Amino acid sequence: MKVGDTPPVGGLHGPAPPPEKTAGAGATKRAFVEVLSEGKGPAAATPPPPATARPPEVARAPAASPTRESLQKFLQGAIDAEKEIDTVLKAAARGKTFSAGELLALQSKVFRYSQSVEVISRGLDKLVGAVKQTLGTQV
């Protein structure tokens with residue numbers, strides 16, 4: 001079938017439309033927008049106003065979930081403990097002496113800090129392994 005041929009009567013699309021509804025060779029040319037707006041009423045005949053440039057939307061922070069908040073607190077606690085340990089070590093380097101109780105407290109703080117770092121390290125290792133497996137690449 002060539003472009004412009006009318007389909008046969010009773011073909012795939014049903015019977016051919018009557019001749020008065022088909023556009024012949026003498027039909028006037030109309031814009032595509034006019035053809036699309038046929039039958040939609042007078043409001044559709046007018047072209048839409050030109051689009052105005054909208055400012056890009058500001059990225060909003062996702063709502064904090066309880067898991068996210070607890071993870072942030074855990075990581076912040078590890079960072080704070082590191083700062084405290086660094087402060088005590090700098091004081092010891094300057095010659096400050098500590099009592100047995102202060103040294104015991106420092107030992108406890110260092111132990112908790114090392115456990116936090118170990119948990120963070122293991123979690124990140126598992127996360128990196130999952131990403132590697134998902135992407136199927138070797139890093």
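Since this is a predicted model, take the numbers as computed values, not measurements.
Legend: residues meeting side-chain contact (heavy atoms from CB on, under 4.5 Å) with Leu75, ordered by chain and number and at least two apart, are Leu71, Ile120.
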Going by atom type alone, with no hydrogens or angles, which donor-acceptor pairs under 3.5 Å involve a side-chain atom of residues 86-111 and a protein atom two or more places apart or on another chain?
{"unit_1": "Thr87", "atom_1": "OG1", "unit_2": "Lys83", "atom_2": "O", "d": "2.8"}
{"unit_1": "Ser99", "atom_1": "OG", "unit_2": "Glu102", "atom_2": "N", "d": "3.3"}
{"unit_1": "Glu102", "atom_1": "OE1", "unit_2": "Ser99", "atom_2": "N", "d": "2.9"}
{"unit_1": "Lys109", "atom_1": "NZ", "unit_2": "Glu84", "atom_2": "OE1", "d": "2.6"}

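With rounding to the nearest 0.5 Å, the separation of OG in Ser121 from NZ in Lys126 is 11.5 Å.
Pairs of residues two or more places apart, or lying in two chains, that qualify as salt bridge (charged side-chain N to carboxylate O under 4.0 Å, His left out) and include a residue from residues 111-122 are Glu118-Arg122.
In the hydrophobic clustering of this structure, Phe74 groups with Leu127; members are Ile, Leu, Val, Met, Phe, Trp, Tyr whose side-chain heavy atoms approach within less than 4.5 Å, directly or through other members.
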